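Note that this is a predicted model, so its numbers are computed, not measured. Note: hydrogens, waters and symmetry copies are ignored here, and every other heavy atom, side chains too, is used.
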Amino acid sequence: MQLGLIGLGKMGGNMRERIRRAGHTVIGYDRNPEVSDVRNLEELVQRLDAPRTVWVMVPAGTATQGVVDELRDLLSPGDTVVDGGNSRWTDDEKHAAELGVKGIGFVDAGVSGGVWGLQNGYALMVGGDKEHVERLKPIFEALKPEGPYGYVHAGRVGAGHFSKMVHNGIEYAMMQAYAEGWELLEKVNSVDNVREVFRSWQEGTVIRSWLLDLAVNALDEDEHLQKLKGFAQDSGEGRWTVEAAIDNAVPLPAITASLFARFASRQDDSPQMKMIAALRNQFGGHAVESK
């Protein structure tokens, strides 16, 4: 099968290679000419045989919208656009409608696998009309991990990115739980080999996971994480998960707390704790620390 791929960064570049290894033709475009196969989107479209499929792997929001707008003018009825970035699911409905006016199909694909995807494969959560999804199955099969799992047609347009968003929300909470357990183990005097405690959990326990394996890798590189600053950014999908929970009246206490913990990590001196210290001093005469 033939595929156009826009965005050849950490994810897109490895995806191009994995698809090619499966025997498909991939024509890639990136703003970086050193990794791009063509000079611009117009040349990419010209080199694809109809009906064309173009997979977009660029940042969510303005960047994705710009590419969709340009492809709408370049592609023809019967062609299909796949958004494999981390777009918000509500944008998918908008993009499908914009492209649909010209008879261009749209599929949203939530892609998980990160920098390990080339080696291990990518988990794919896909949304869109059955006719468009079925035509792309050879590409999905090339990207997914070996075995029966790792790919799902989750539902109509938006379902792929919504599923990936929830996946990332769960990821937030799992990482937070491992982090809290690690800090508590490091704190007590009785445990003097925290790294090996984590390693012991990798087999035979109910909390074993790939995230746990990665935690052990990190501790092997820096046993007490002394080289790192305790600052964690959020990608946006954690926020969207919490917002969707509010919209649907679904309680997500663990995921919400993990998102707020990341906000706290960016504060060198917590404004909230200043107020709490001031109040404790006011009502109970408790000591405060001055700068």
Side-chain angles (χ1 to χ4, degrees), residues 1-49 52-72 74-75 79-89 91-92 95 99 104-128 132-133 135-145 150-152 160-161 163-165 167-168 171 233 235-237:
M1 186 172 175
Q2 203 180 44
L3 179 75
L5 182 59
I6 301 171
L8 303 171
K10 293 178 182 178
M11 287 276 284
N14 282 343
M15 288 169 63
R16 174 175 63 175
E17 178 62 24
R18 186 172 176 89
I19 296 168
R20 283 177 173 173
R21 289 180 184 179
H24 302 288
T25 299
V26 183
I27 300 171
Y29 169 72
D30 193 274
R31 290 182 299 177
N32 178 3
E34 294 183 5
V35 299
S36 189
D37 300 317
V38 292
R39 291 167 296 176
N40 50 50
L41 293 188
E42 185 175 3
E43 184 181 349
L44 181 144
V45 171
Q46 289 174 349
R47 287 182 55 178
L48 294 172
D49 299 328
R52 306 170 187 85
T53 298
V54 180
W55 189 305
V56 181
M57 290 294 294
V58 302
T62 303
T64 296
Q65 184 65 59
V67 172
V68 168
D69 290 344
E70 194 167 350
L71 288 174
R72 182 184 57 204
L74 292 171
L75 294 175
D79 295 342
T80 304
V81 173
V82 183
D83 181 4
N86 284 330
S87 293
R88 190 165 182 158
W89 82 97
D91 290 342
D92 295 327
H95 295 155
L99 294 167
I104 302 167
F106 179 83
V107 171
D108 60 288
V111 183
S112 181
V115 297
W116 297 86
L118 176 59
Q119 174 183 339
N120 299 332
Y122 300 88
L124 301 166
M125 295 140 273
V126 177
H132 300 141
V133 173
R135 191 161 71 84
L136 290 161
K137 258 192 142 178
I139 300 299
F140 299 145
E141 291 291 336
L143 286 170
K144 68 179 283 297
Y151 159 74
V152 61
H161 281 144
S163 300
K164 175 59 164 45
M165 178 195 73
H167 164 280
N168 282 21
E171 179 186 296
Q233 193 57 267
S235 64
E237 291 195 283

Exercise for review: Could you tell me which residues satisfy side-chain hydrogen bond (donor to acceptor under 3.5 Å, both in side chains) with Gln119, sequence neighbours excluded, listed by chain and number?
Suggested key: none
Check your understanding: Is there a side chain to side chain contact (heavy atoms under 4.5 Å, CB included) between Val107 and Leu136 once you walk through the steps?
Key -> CA-CA 9 Å; Val107 171; Leu136 290 161; 3.9 Å; yes
Review point. Mind checking what makes side-chain hydrogen bond (donor to acceptor under 3.5 Å, both in side chains) contact with Glu17, not counting sequence neighbours?
Key: Arg21
Revision key, fill the gap. When rounded to the nearest 0.5 Å, the distance separating CD of Gln46 from CZ of Arg52 is 9.0 Å
Review point. For Pro138, which residues count as a side chain to side chain contact (heavy atoms under 4.5 Å, CB included) partner, sequence neighbours excluded?
Key: Met1, His24
Review point. Given Val67 and Tyr29, is the side chain to side chain contact (heavy atoms under 4.5 Å, CB included) satisfied, shown in steps?
Key: CA-CA 11 Å; Val67 172; Tyr29 169 72; over 6 Å; no
**Study point:** Leu75: which of Leu48, Leu99, Thr80, Val45 passes side chain to side chain contact (heavy atoms under 4.5 Å, CB included)
**Key:** Val45
Practice item. Not counting sequence neighbours, which residues clear salt bridge (charged side-chain N to carboxylate O under 4.0 Å, His left out) with Glu237? List them please. Key: Lys164
Check your understanding: Which atom names give the shortest non-hydrogen contact between Val54 and Leu71, and what distance separates them?
Key -> CG1-CD1, 3.9 Å
Review point. Hey, mind stepping through Asn14 and Tyr122 against side chain to side chain contact (heavy atoms under 4.5 Å, CB included) and telling me if it holds?
Key: CA-CA 10 Å; Asn14 282 343; Tyr122 300 88; 3.2 Å; yes
Check your understanding: Are side-chain heavy atoms of Leu41 and Ile6 found at a separation under 4.5 Å?
Key -> yes
Check your understanding: Hey, what's the ring geometry for His95 with Phe106, parallel, tilted or perpendicular (30° and 60° as the breaks)?
Key -> perpendicular
Point to revise | Listed partners of Arg39 passing side chain to side chain contact (heavy atoms under 4.5 Å, CB included), at least two apart | key: Glu43
Check your understanding: How far apart are the closest heavy atoms of Pro145 and Ala123, and which atoms are they?
Key -> CD-N, 4.3 Å
Practice item. Working to the nearest 0.5 Å, report the span between CD of Glu42 and CD of Glu70. Key: 8.5 Å
Exercise for review: First locate atom CZ of Arg16, then atom CG of Leu118, and finally report the distance between them rounded to the nearest 0.5 Å.
Suggested key: 11.5 Å
**Study point:** Non-hydrogen side-chain atoms of Asp108 and Trp89 separated by less than 4.5 Å
**Key:** no
Practice item. Could you go through the side chain to side chain contact (heavy atoms under 4.5 Å, CB included) check for Phe140 and Val133 one step at a time? Key: CA-CA 9 Å; Phe140 299 145; Val133 173; 4.0 Å; yes
Check your understanding: Asp30: what forms a salt bridge (charged side-chain N to carboxylate O under 4.0 Å, His left out) with it, not counting sequence neighbours?
Key -> none
Revision key, fill the gap. Across all chains, not counting sequence neighbours, the salt bridge (charged side-chain N to carboxylate O under 4.0 Å, His left out) partners of Arg18 are none
Check your understanding: According to the salt bridge (Lys or Arg N to Asp or Glu O under 4.0 Å) rule, which pairs have a member within residues 55-69, sequence neighbours left out?
Key -> Asp69-Arg72
Revision key, fill the gap. Residues Ala60 and Asn86: closest non-hydrogen pair is CB-O, 3.4 Å
Check your understanding: What distance do Lys137 atom NZ and Lys144 atom NZ have between them, rounded to the nearest 0.5 Å?
Key -> 10.0 Å
Review point. To the nearest 0.5 Å, how far apart are CG in Leu8 and CE in Met57?
Key: 10.0 Å
Check your understanding: Sequence neighbours excluded, which residues qualify as side chain to side chain contact (heavy atoms under 4.5 Å, CB included) partners of Glu34?
Key -> Asn32
Exercise for review: Hey, could you give me the CD1/CZ distance between Ile27 and Arg47, rounded to the nearest 0.5 Å?
Suggested key: 4.5 Å
Exercise for review: Tell me, please, which residues at least two apart from Arg20 pass salt bridge (charged side-chain N to carboxylate O under 4.0 Å, His left out).
Suggested key: Asp37
**Study point:** side-chain hydrogen bond (donor to acceptor under 3.5 Å, both in side chains) partners of Thr53, counting only residues at least two apart
**Key:** Arg135
Practice item. Under the side-chain hydrogen bond (donor to acceptor under 3.5 Å, both in side chains) rule, collect the residues that match up with Asp83, sequence neighbours excluded. Key: Ser87
Practice item. Decide yes or no for Leu124 and Val111: does some side-chain heavy atom of the first lie under 4.5 Å from some side-chain heavy atom of the second? Key: yes
